[in-house]
Amino acid sequence: MLPDLLDYGFRILPGLILIGACFALSRGEGDPLLRIIALVLGFILIRDAMTPLGFWRFGTADAVPWLRFTGEAGILLSFGVATLVLTAGVLRLDRDLRTLVRWGRFDVATVALGVGGGVLAAAPILAASPFTPLAERGGAVALTLLPVLLLFCLAGNLAEEVLFRGFLQGYLERRSSAIRAALLSGLLFAACHVFLASTVTDAGWPLLAFTLYEGLICAFLRMRKGVIAAALAHGIAIFLMASGLI
């Protein structure tokens, strides 16, 4: 596990240094857009670099995308904890960005909508999956891995939702209508998966279609209930896709 994580760290370090320098230099700007762009680029680097080391795998079966993460619980746990620490660090460091995030209330209604949104986002894939053998869509996942996988999905996608639905959508809402901000947030979210779909993997248009659909669900959940609901929906959707339960 440790050699793989070190290899991953050295792989992304030069890019993170450049992006970190951009973030630091743009902190003097009153407009936080440059900092948001730098953070999104950093997240894309961190996310997409997981692919060549086998930390996750993408594919399609009859034009239906599938996803599997590494079977090493320690790697998933490390990524999940590190993501939470980095997200908390950015929120603490930058007050201007922090004020853009509308969390919403953490109550039964929010949790129900978040979980329901996650099921809705994953529903087209789950409905089509039984028609394709499990071996052709990533294979089975060990039941003992599922609790760690759920933690990883919720933590990792919380960070992504803070970026796209917290910072970006919050920024756009101050300059346009809430619906326009939600639409732009969903479209930009899908657009930020172009390289993952087209060059990093061969998942192609099915992955982009799914991320657009999921991104719009999360964006409108954020508009109605806040980032907590959107993060729950995103995390649950990815968990359902990656768990191999269906």
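For reference, positions follow the sequence shown, starting with 1.
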- Message: Checking L154 against F239 for the side-chain contact (heavy atoms from CB on, under 4.5 Å) test, could you report, in this order, the C-alpha distance in whole Å, the side-chain angles of both residues, the deciding distance, and whether it holds?
- Response: CA-CA 8 Å; L154 291 173; F239 173 75; over 6 Å; no
- Message: Checking D4 against T70 for the side-chain contact (heavy atoms from CB on, under 4.5 Å) test, could you report, in this order, the C-alpha distance in whole Å, the side-chain angles of both residues, the deciding distance, and whether it holds?
- Response: CA-CA 11 Å; D4 289 337; T70 176; over 6 Å; no
- Task: Output, in order, the C-alpha distance, side-chain angles, deciding distance and verdict of side-chain contact (heavy atoms from CB on, under 4.5 Å) for M223 and Q169.
- Result: CA-CA 9 Å; M223 187 179 78; Q169 192 167 334; 4.1 Å; yes
- Message: T51 vs D48, test: side chain to side chain donor-acceptor pair (under 3.5 Å). Steps then yes/no.
- Response: CA-CA 6 Å; T51 312; D48 291 2; 5.6 Å; no
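The OG atom of S243 sits 11.0 Å away from atom CD1 of I238, with the distance rounded to the nearest 0.5 Å. Atom CD1 of residue I17 and atom CD1 of residue I12 lie 10.5 Å apart, to the nearest 0.5 angstrom. For the atom pair CZ of R92 and CG of L97, the computed distance is 15.0 Å after rounding to the nearest 0.5 Å. L45 contributes atom CG, which lies 10.5 Å from atom CZ of R11 (distance to the nearest 0.5 angstrom). Here the CG-CZ distance, from D31 to R175, works out to 5.0 Å after rounding to the nearest 0.5 Å. Between the CG atom in L151 and the CG atom in L84 there is a gap of 7.0 Å [rounded to 0.5 Å].
Put simply, the side chain of I44 does not reach to within 4.5 Å of the side chain of F195, judged on heavy atoms. Side-chain contact between T201 and L196 is present, with heavy atoms from C-beta onward closer than 4.5 Å. Using a 4.5 Å heavy-atom threshold, the side chains of R224 and L113 count as separate. A heavy-atom distance below 4.5 Å is found between the side chains of C153 and F69. Under the 4.5 Å side-chain criterion, counting only non-hydrogen atoms from C-beta, L2 is in contact with L6.
Here the side chain of R35 pairs no donor or acceptor atom with the backbone of F23 at under 3.5 angstrom. Judged by distance alone, with hydrogens and angles left aside, the side-chain atoms of R137 form a donor-acceptor pair with the main-chain N or O of S129 at under 3.5 Å. Checking side-chain atoms of S185 against main-chain N and O of A181 turns up no donor-acceptor pair under 3.5 Å. No side-chain donor-acceptor contact under 3.5 Å links T110 to the backbone of A229. For R222 (side chain) and A182 (main-chain N/O), no donor-acceptor pair under 3.5 Å exists by modelled atom type.
A chain of hydrophobic side-chain contacts below 4.5 Å, direct or via other Ile, Leu, Val, Met, Phe, Trp or Tyr residues, connects M1 to Y8. Hydrophobic clustering keeps L188 apart from L34 (ILVMFWY residues linked when any side-chain heavy atoms are closer than 4.5 Å, directly or through intermediates). Placement of L163 and L187 in two distinct hydrophobic clusters is found when ILVMFWY residues are connected by side-chain heavy-atom separations under 4.5 Å, directly or transitively. Tracing side-chain contacts under 4.5 Å through hydrophobic residues (I, L, V, M, F, W, Y), one reaches I46 starting from L93; they form part of the same cluster. No path of Ile, Leu, Val, Met, Phe, Trp and Tyr side chains, each step under 4.5 Å between heavy atoms, connects F43 with L212, placing them in separate hydrophobic clusters.
Of all the heavy atoms in L245 and L146, the pair that sits closest is CD2-CD1, 3.7 Å. Among all heavy-atom pairs drawn from F210 and A121, the shortest one is CE1-O, 3.4 Å. Across G74 and S78, no two heavy atoms sit closer than the pair O-OG, 2.8 Å. V64 and A128 get closest at one heavy-atom pair: CG2-CB, 3.7 Å. A pairwise comparison of heavy atoms in F79 and L5 identifies CE1-CD2, 4.2 Å as the closest pair. Taking all atoms of both residues into account, the shortest heavy-atom contact from T87 to A159 is OG1-CB, 3.3 Å.
Heavy atoms from other residues, nucleotides or ligands lying under 6.0 Å from CD1 of I179 number 12 at most. Crowding of R180 atom CZ: a count of heavy atoms from other residues, nucleotides or ligands under 6.0 Å not exceeding 12. At most 12 heavy atoms of other shown residues, nucleotides or ligands fall within 6.0 angstrom of atom CZ in R95. D7 CG: more than 12 foreign heavy atoms inside a 6.0 Å radius.
When each of V227, V90, V40 is tested with F167 by the rule side-chain contact (heavy atoms from CB on, under 4.5 Å), just one qualifies, namely V90.
With a 6.0 Å cutoff to the six-membered ring centre and a 45° limit on the axis angle, R165 counts as a cation-pi contact of F189.
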With a cut-off of 3.5 Å and sequence neighbours excluded, list every side-chain donor-acceptor pair involving residues 213-221.
from	atom 1	to	atom 2	distance (Å)
Y213	OH	L120	O	2.9
E214	OE2	H234	NE2	3.4

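Taking the six-membered ring for Trp, F55 and F152 have ring centres at least 6.0 Å apart.
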